[in-house]
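In what follows, chains are A, B, ... by sequence order, proteins preceding strands, each numbered from 1. What you are looking at is a predicted structure, and each value in this text was computed from that prediction instead of being measured.
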Amino acid sequence: MIRMTEPSKITDVPDHQPAAGGIAARARASVGPKYLSGLNPEQREAVETLDGPVLVLAGAGTGKTRVLTTRIAHILSQGRARPAEILSVTFTNKAAREMKHRLGQMLGHAVEGMPWLGTFHSIGGRILRTHAELAQLKSNFTVLDTDDQVRLLKQLLQADNIDDKRWPARMLAGLIDGWKNRGLTPSQVPSGEAAVFANGKGGKLYASYQERLKILNAADFGDLLLEDIRIFREHPDILRQYQQRFKFILVDEYQDTNVAQYLWLRLLSQAPSKPTVPAVIPERIEEASSDVQLHVAESGSEPAMSERAALAAAPAGPTKNICCVGDDDQSIYGWRGAEVDNILRFDHDFPGAKVIRLERNYRSTGHILAAASHLIAHNEGRLGKTLRTEDHDGEKVTVTGSWDSEEEARGIGEEIEQLQRQGEKLNEVAILVRASYQMREFEDRFVTLGLPYRVIGGPRFYERAEIRDALAYLRVINSPADDLAFERIVNVPKRGLGDATVQMLHDHARKRRIPLFEAARAVVETDELKPKARGSLREVVAQFDRWRAQREVTAHTDLAQIVLDESGYTEMWQKDRSADAAGRLENLKELVRSMEEFENLQGFLEHISLVMDRDSGADEDAVSLMTLHSAKGLEFDNVFLPGWEEGLFPSQRTLDEQGRAGLEEERRLGHVGITRARRRAKIYFATNRRIHGTWSTTIPSRFLDELPAANVEITESKGGSAWGGTGGYGASRFDDMEAFGSTYSTPGWQRAQANRNRGGGRTGGGSGGFEEQASTFSSSASSGPDFGSFSSRRRGPLTIEGELVAKSTGTTSEFALSDRVFHQKFGYGRVTRIDGNKLTIAFDKAGEKKVVDSFVQRA
DNA sequence: GTCTATTTTTGCCTC
DNA sequence: AAAAATAGAC
């Protein structure tokens with residue numbers, strides 16, 4: 001049965017791609033090219049509706065990427081466009097790579113011919129480089145990351161004599177980022193909003209920040225799109241050029257687009273016939289609100305709406321063939337400017353749009369899908385989809401409570417080991433946390449268990465200090481005007497060029513309006529500096545001159561190696577005795593290696609900040625550990641979801657800042673988490689959690705109450721045996737757990753739980769402190785838990801538990817006084833005291849710590 | 001003036 | 001708990 005949708009006159013051209021050796025019946029069933037076979041009717045419609053705007057609402061696990069890639073294949077094989085005429089944007093490099101990969105498989109050849117498949121930022125950056133002079137930049141401009149951005153703003157604040165205690169540079173960076181996300185240039189920022197920073201100087205600072213960027217020949221992430229938009233508006237001929245080039249536009253994760261991305265897409269998607277594009281002037285009625293908090297809380301999406309209204313009101317030309325794929329239930333980036341409204345109002349923004357829903361889930365079992373659907377049904381602002389599966393019910397989603405976050409980690413560690421014994425691949429196990437600080441406890445646990453794991457997302461490779469330093473050297477070579485890079489490395493390694501010297505260079509540079517590097521060149525010819533500083537500065541300038549000359553004749557990878565060696569940077573880390581020095585040297589090698597993939601230094605630096613991912617050895621069988629945010633788009637057989645507690649998840653900060661909308665976003669995050677699972681989803685909460693070093697009592701997440709009882713099973717924590725062997729450890733705990741279990745479903749059970757601990761709130765870490773002392777002796781050196789409050793709060797058996805745990809490990813140590821030892825985290829040190837199996841060690845770098853002997857080895 | 005050791009703040013999620 | 005700002009030693 002073929003449902004012919006109206007524009008698909010093309011389906012009956014099977015000879016275009018001869019079905020190689022196909023059985024007649026099979027060829028009949030899948031009329032059309034063979035890549036269409038195996039798609040369900042909705043997917044097929046999404047692939048074949050080529051003309052006009054299309055919105056594909058694709059729930060979790062409904063074959064979204066498949067639709068996108070098949071659509072591209074379809075466009076190409078139908079001869080509707082050449083590869084270079086398709087604009088296809090994603091948010092992450094990972095998604096872009098995945099699409100290229102799958103496309104390559106489908107088309108059977110390399111996809112080099114898809115030059116416009118990439119992230120918003122990389123494509124935006126590419127367009128900006130082509131027209132850099134229209135943004136007062138050179139085409140080799142540097143892309144600044146958040147860190148550079150903040151340092152630059154700090155300098156501006158200083159120049160303006162603004163107290164950066166009261167008005168932190170970070171906050172201004174956030175504001176500017178927000179404005180850029182909403183597509184606002186300095187002159188377009190509503191004056192009321194610009195005034196909230198530093199008593200009205202906010203707008204002016206934004207303007208001078210932009211000026212400064214031009215001088216430094218640099219752009220930040222926001223500029224990559226915002227400057228494009230400005231160029232498109234000011235130069236209709238250039239815009240028309242792109243409009244003509246892109247016959248088809250495809251957008252992945254449309255629910256995550258912000259206003260700037262929306263405007264960018266909107267400009268490009270209009271038919272080229274319209275000669276001019278009306279400029280958008282946002283009309284805003286000022287709310288004279290001086291209260292920052294209030295203002296932020298209120299503003300939400302409102303200004304964005306007026307932007308959109310202005311644009312939508314303008315006589316829009318006929319829109320081209322734009323296809324956006326997304327899921328409003330997976331919109332989780334509101335905090336960085338994403339506008340759910342973009343997807344909610346798609347058919348309004350693109351008149352005549354066809355909306356196609358993909359609701360058939362091919363990933364999860366019945367119970368998992370039901371739990372996720374039931375949870376997300378509590379949200380109000382959604383388009384509404386009903387996911388269905390033909391899979392069997394499978395195992396119920398489990399909810400497990402534990403006493404504290406360490407027990408949670410222990411329990412999960414054991415369950416994973418059990419899964420492993422059952423023959424599950426560790427690659428099919430993932431732990432998804434709300435906040436990255438939750439990862440530590442799991443890492444600690446896995447290190448002791450010897451369970452292989454990998455952290456996904458984590459601190460980005462190029463954000464590591466050693467990588468940024470190395471890049472700074474290369475940036476100064478490539479772009480002598482890059483003051484930020486120069487300042488970063490002028491005294492790294494130490495050359496005796498401290499704050500005073502740098503300050504002097506700044507004065508000189510500002511007076512003569514030249515870059516810092518040129519100022520340095522000039523200053524060494526004067527006698528303004530002391531001989532020592534003057535000498536080493538002269539040496540630095542000479543070195544860079546030499547490297548720049550060498551650049552012409554040396555391969556860029558060799559040059560990088562030479563720079564790192566001659567500058568003394570490699571040597572600096574070789575001399576460093578701290579634990580992670582070796583890793584840093586390894587990272588530097590990796591950096592040089594990765595440069596081989598690029599043609600030259602210029603090309604490398606252009607892409608480094610946009611494309612570089614940390615490559616985690618994916619072939620090795622290991623548990624994946626990541627945040628819920630970075631889990632989007634992935635799937636695993638077994639998913640562990642720890643930390644479902646009020647304040648952590650839903651996050652208190654999101655609630656404070658975004659109120660109801662924030663709660664809904666958190667709920668979507670929960671939905672994303674559960675729907676990552678194919679066969680098992682396991683949720684956890686702890687009663688006590690350590691946040692920033694201090695323990696506090698927590699309340700189970702409200703989301704737990706929103707899960708459907710029929711699909712959820714309450715289980716007991718299995719944590720425990722790790723430290724104390726089998727002896728007397730678990731019993732008291734299980735008492736607690738039974739209480740959890742039996743009262744779970746009754747209303748107000750959280751309150752009961754809270755009362756158990758008297759007052760429940762943030763009454764401090766008395767009991768938890770003891771628990772920490774007992775079980776994580778390894779990491780805590782300072783003592784001082786409040787034993788008094790401990791006993792008044794908890795019943796008897798647990799006191800015993802504490803002793804048992806502490807004593808059960810009391811074997812004699814194999815170490816002797818003044819032994820030289822090495823610790824994974826603290827590096828090298830010397831044993832100063834022995835107490836059973838507990839050692840006191842004076843570390844070379846980390847100071848004196850108490851550590852259990854199994855954590856160290858002989859050096 | 002520069003480097004190191006103590007003290008203060010401030011933090012979650014990202015291209 | 002880590003980073004930044006700050007105070008003292010060379």
- Message: I need the OH-P distance between A:Tyr333 and B:dC15, as an integer number of Å.
- Response: 6 Å
- Message: Between P on B:dG11 and CZ on A:Arg170, what's the gap in Å once rounded to a whole number?
- Response: 7 Å
- Query: Is A:Glu443 salt-bridged to A:Arg440, going by a charged N under 4.0 Å from an acidic O?
  - Reply: no
- Would you indicate, yes or no, if C:dA5 has its OP1 or OP2 atom less than 4.0 angstrom from a side-chain nitrogen or oxygen of A:Lys154? yes
- Query: Taking the nucleotide of DNA chain B with the closest heavy atom to each, which residue, A:Thr92 or A:Val502, is nearer the 5' end?
  - Reply: A:Val502
- Message: Below the 4.0 Å mark, does B:dT2 have OP1 or OP2 next to a side-chain nitrogen or oxygen of A:Thr501?
- Response: yes
- Spacing between A:Ile332 atom CD1 and B:dT14 atom P, to the nearest angstrom: 9 Å
- Message: Show the nearest heavy-atom pair for residues A:Thr675 and A:Ala372, with the distance to one decimal.
- Response: CG2-CB, 3.5 Å
- Message: Given C:dA1, B:dT2, B:dT14, identify the nucleotide with an atom nearest to the side chain of A:Arg440.
- Response: C:dA1
- Message: Categorize A:Thr627 for me: base, sugar-phosphate, or nothing, with a 4.0 angstrom heavy-atom threshold over every strand shown.
- Response: sugar-phosphate
- With A:Trp264 as reference, evaluate A:Asn258, A:Leu225, A:Val259 under the side chain to side chain contact (heavy atoms under 4.5 Å, CB included) test and give the passing residue. A:Leu225
- Query: In whole angstroms, how far is the P atom of B:dC3 from the NZ atom of A:Lys530?
  - Reply: 12 Å
- Pick base, sugar-phosphate or nothing for A:Lys180, based on heavy-atom distances below 4.0 Å to the nucleic acid. nothing
- A:Thr119 side chain: which of B:dC15, B:dT14, B:dT2 is closest? B:dC15
- Task: Please state how far atom CD in A:Glu253 lies from atom P in B:dT14, giving the value in whole angstrom units.
- Result: 15 Å
- Salt bridge A:Asp469-A:Arg584, side-chain N to carboxylate O under 4.0 Å: no
- Just by modelled atom types, is the A:Arg495 backbone N or O under 3.5 Å from a matching donor or acceptor in the A:Ser536 side chain? yes
- Reckon A:Lys494 touches a base, only the sugar-phosphate, or nothing at all at heavy-atom distances under 4.0 Å? sugar-phosphate
- Query: Just how far, in rounded Å, is P of C:dA5 from CG of A:Leu157?
  - Reply: 12 Å
- Phosphate contact (B:dC15 OP1 or OP2) by A:Asn258 side-chain N/O below 4.0 Å: no
- Item | Integer-rounded Å distance: B:dG1 C1' and A:Lys532 NZ | 8 Å
- What is the distance from CG of A:Leu497 to C1' of B:dT2, rounded to the nearest Å? 10 Å
- Of the listed nucleotides B:dC15, B:dC3, B:dG11, the one nearest the side chain of A:Phe221: B:dC15
